[in-house]
Amino acid sequence: MAAAMATLWALLAALRVGWCLLPQAGYLHPDEFFQAPEVMAGDILNLQVYYPWEFLSSSPCRTVVFPLMTSGVTYWVIKCLQQLDIWSSCINSYTLLVSPRLLFTIFSFLLDYSVYRLAPFWEADPWKALVLLAGSHVTLVFYTRTFTNTLEGLLFALLMVLVSSSSDGSLAEPRSSRLIGIVTVAGFFNRPTFLAFALIPLLYWMGLNIDSQKSIKTVINHFLKLVPCACFTAVFFIMADTLYFTSMGLDNLYSIEKNSLFDIISQLNQKIIVTPLNFLRYNLNPHNLAQHGSHPRLTHFMVNGIMLFGILHILAIGAGFKMLKKCIYILPQVKSYYHGSSRILVHSEGSPILLLFYFVPLAFLSLFSHQEPRFLIPLILPLVLFSTSQNRAMKWKPIIIIFNVLGALLFGCLHQGGLIPCLFHLEQLVHSPESSNHPGHYILLFAHTYMPPRSLLNIKKRDTHIEVIDMAGSEEETLCQTVGQLTNNFTCNDCHFFVIIPGTVRATITKCGVSFKNETLIFPHLSMEDPPQISFLFSENWRSQLGLHILQLDRDQQSL
């Protein structure tokens, strides 16, 4: 049985890597590009990009350390390969998309390692837990993307391993205190919401140490070991962010003569930047959060949890209600132990501690009005451990399989699935030999799509013959007015005007009074902001409804 489960996990692990390399066409959220790859492509590869407001010197709310360590490293590698003439054409839309994702996919196996280490301690079958984890669409799709939430989940998994006892019941070694401090501070700088995930693990770790030595002095000693490393980590992040934002990017940072200590100190003296504090200051303002979308406080509990985890979330809620009446016994249960062991007693209903690992962060995140599914992806680890302890999930196996297959297809293939292939197509078009020999002016207008990551077009900053216009979800009147103005401004023979729009709003562009000579359909593309009507899905035009259209304005029309 264990061998069969191990084989199944290996196949799912191979699927995770292979699907990353394919690559996945689904576009989950603009933040998967604009919180790391887009910024690093501009700084390291000198490409035309869109810098989000969080990375501007006037509003620094995101640390640059993790983008540098992930997307930055991969882009630096392919840049070196090109400069050394080892792979002269290695910088293209495919490598710009896949190389950071591949690094995150490799990092995602830290989740698998954590499950394997923690499962025996929580009396869960390790291989069943690994299969449940690897088969989840959250792992296959979200953990192979360049989200800060992905890093948050990996740091949360590492923290759970550090604070838990080893599988043989012995206490974690004291040196884990230093690592706990480093991981906690690093998680806080990555996303300040990490404190919500770290709260119960840290309290649990303190309880273990009190129990083992019968003294509060143990916690104080461990805490004192934690503080220096935590402070050092914080200083490192603050220095890196301050240098980056006061010099406005890596190019200016590199231009500091020889990066001398005097120059670096001069940069630091200009302004000390603590990005998590700016993040909190911004997000604690309800008006700011409303600009990104307001949701009912129960959205995480009633919608997002089910969207990500399906029946596992529902089972956890049911178990939570059963254990709620026993909540008064939770703290004494944390203190219960065998002599020389800190292992927690696991009752027939399952350990309430795992439910705390799941529901406490969920409750804290629900306090904010802006609630997106990706905020919950770190919770997959405690949920998988809880679901496989006492074989809770086994009788729901068919439902779990169907749910994850549908979730992987929806988020990995369909959701905004035409935009990435569209950028691949346009990158090949503007860099084709014909375009290189006879360069013209290109205008690419995107409407009713997610923000297009400009880095995937592979356009150098010095190239001004390509212009990208993002109309987002503009109304018909605004869209037609913009198209009309751009059409009237076309006077050159080498001007090329493309409109990229989903099939569900394709009819809108025909009302603008312009004609198109070429039309390319990229399938599939599902826009949840402009969903297709059910009746159209059963018509002959269904592919057009579930596609993204690339429309090239007719040259004769341009000259009018």
Ring pair (Phe, Tyr, Trp, His ring centres under 6.0 Å) filter on Tyr51, not counting sequence neighbours, yields none
Which residues satisfy the side chain to side chain contact (heavy atoms under 4.5 Å, CB included) test with Ile106, sequence neighbours excluded?
-> Leu102
Begin from the C-alpha positions of Ser527 and Gln416 and carry the test side chain to side chain contact (heavy atoms under 4.5 Å, CB included) through to its verdict.
-> CA-CA 6 Å; Ser527 174; Gln416 292 284 327; 3.6 Å; yes
Side-chain touch Phe55/Pro67, heavy atoms, less than 4.5 angstrom = yes
Measuring from Thr139:OG1 to Leu133:CG, what's the distance to the nearest 0.5 Å?
-> 4.0 Å
Ring pair (Phe, Tyr, Trp, His ring centres under 6.0 Å) involving Trp127 - partner list, sequence neighbours excluded = Tyr116
For Asn404, the side-chain hydrogen bond (donor to acceptor under 3.5 Å, both in side chains) test, sequence neighbours excluded, returns His137
Between Tyr358 and His313, is there a donor-acceptor pair closer than 3.5 Å when you use the side chain of the first and the backbone of the second?
-> no
Taken in chain and number order and not counting sequence neighbours, the residues that satisfy side-chain hydrogen bond (donor to acceptor under 3.5 Å, both in side chains) with Arg16 are Ser108, Asp112
Set of residues satisfying side chain to side chain contact (heavy atoms under 4.5 Å, CB included) with respect to Ala234, sequence neighbours excluded | Val185, Phe189
After noting the C-alpha distance and the side-chain angles of Thr144 and Gln24, does the key distance pass the side-chain hydrogen bond (donor to acceptor under 3.5 Å, both in side chains) rule?
-> CA-CA 9 Å; Thr144 58; Gln24 292 182 31; 3.3 Å; yes
State, yes or no, whether a side-chain contact exists between Phe197 and Thr184 at a heavy-atom distance under 4.5 Å.
-> no
Cation over ring face, Arg392 and Phe386, 6.0 Å, 45° = yes
Please report the C-alpha distance between Glu123 and Ser389 in whole Å, then the side-chain angles of each, then the deciding distance to 0.1 Å, and finally whether the side-chain hydrogen bond (donor to acceptor under 3.5 Å, both in side chains) criterion is met.
-> CA-CA 6 Å; Glu123 297 192 355; Ser389 61; over 6 Å; no
Quick one: closest heavy-atom pair of Asn304 and Pro373, and the distance?
-> OD1-CG, 3.4 Å
Those residues that, when tested against His29, pass ring pair (Phe, Tyr, Trp, His ring centres under 6.0 Å) (two or more places apart) | none
Between Phe188 and Phe237, is the gap from one ring center to the other below 6.0 Å?
-> no
State whether the side chain of Asn190 and the backbone N or O of Ala186 hold a donor-acceptor pair below 3.5 Å, judged by distance alone.
-> no
Pro100: side chain to side chain contact (heavy atoms under 4.5 Å, CB included) partners, not counting sequence neighbours | Ser71, Thr74, Tyr75, Thr146
Apply ring pair (Phe, Tyr, Trp, His ring centres under 6.0 Å) to Phe301 and list each qualifying residue two or more places apart in sequence or on a separate chain.
-> none
Shortest non-hydrogen contact from Pro126 toward Val115 | O-CG1, 4.4 Å
Please lay out, stage by stage, how Leu28 and Phe147 fare under the test side chain to side chain contact (heavy atoms under 4.5 Å, CB included).
-> CA-CA 10 Å; Leu28 298 176; Phe147 285 117; 3.6 Å; yes
From OG1 (Thr299) to NE2 (His370), nearest 0.5 Å | 11.0 Å
CG (Leu12) and CG (Leu140) are apart, to the nearest 0.5 Å, by 7.0 Å
Taking only residues two or more places apart in sequence or in another chain, which ones pass side-chain hydrogen bond (donor to acceptor under 3.5 Å, both in side chains) with Asn149?
-> Arg374
side-chain hydrogen bond (donor to acceptor under 3.5 Å, both in side chains) between Asp43 and Tyr244: does it pass, once the steps are laid out?
-> CA-CA 11 Å; Asp43 287 345; Tyr244 177 82; 2.5 Å; yes
Evaluate the side-chain proximity of Ser455 to Pro37: yes if any heavy-atom separation is below 4.5 Å, no if none is.
-> no
In this structure, CG of Leu456 is separated from OG1 of Thr95 (nearest 0.5 Å) by 9.5 Å
How far apart are the C-alpha atoms of Ile311 and Phe403, what are their side-chain angles, what is the distance that settles it, and do they pass the side chain to side chain contact (heavy atoms under 4.5 Å, CB included) test?
-> CA-CA 9 Å; Ile311 192 66; Phe403 171 79; over 6 Å; no
Kindly compute the distance separating SG (Cys229) from CD1 (Ile182), expressed to the nearest 0.5 Å.
-> 4.5 Å
Less than 4.5 Å apart, any side-chain heavy atom of Leu111 and any of Ser114?
-> no
side-chain hydrogen bond (donor to acceptor under 3.5 Å, both in side chains) with Asp241: which residues, sequence neighbours excluded?
-> Thr63, Thr275
Evaluate side chain to side chain contact (heavy atoms under 4.5 Å, CB included) for Tyr143 paired with Phe104, printing each intermediate quantity in order.
-> CA-CA 7 Å; Tyr143 273 93; Phe104 272 72; over 6 Å; no
Pair up each side-chain donor or acceptor in residues 150-160 with any protein partner under 3.5 Å, not counting sequence neighbours, and list the distances.
{"from": "Thr150", "atom 1": "OG1", "to": "Phe142", "atom 2": "O", "distance (Å)": "3.1"}
{"from": "Thr150", "atom 1": "OG1", "to": "Arg145", "atom 2": "O", "distance (Å)": "3.3"}
{"from": "Glu152", "atom 1": "OE2", "to": "Thr193", "atom 2": "OG1", "distance (Å)": "2.7"}
{"from": "Glu152", "atom 1": "OE2", "to": "Phe194", "atom 2": "N", "distance (Å)": "3.1"}

Do Tyr282 and Trp53 have ring centroids that are under 6.0 Å from one another?
-> yes
Drop me the distance from Phe359's CZ to Phe364's CZ, to the nearest 0.5 angstrom.
-> 15.0 Å
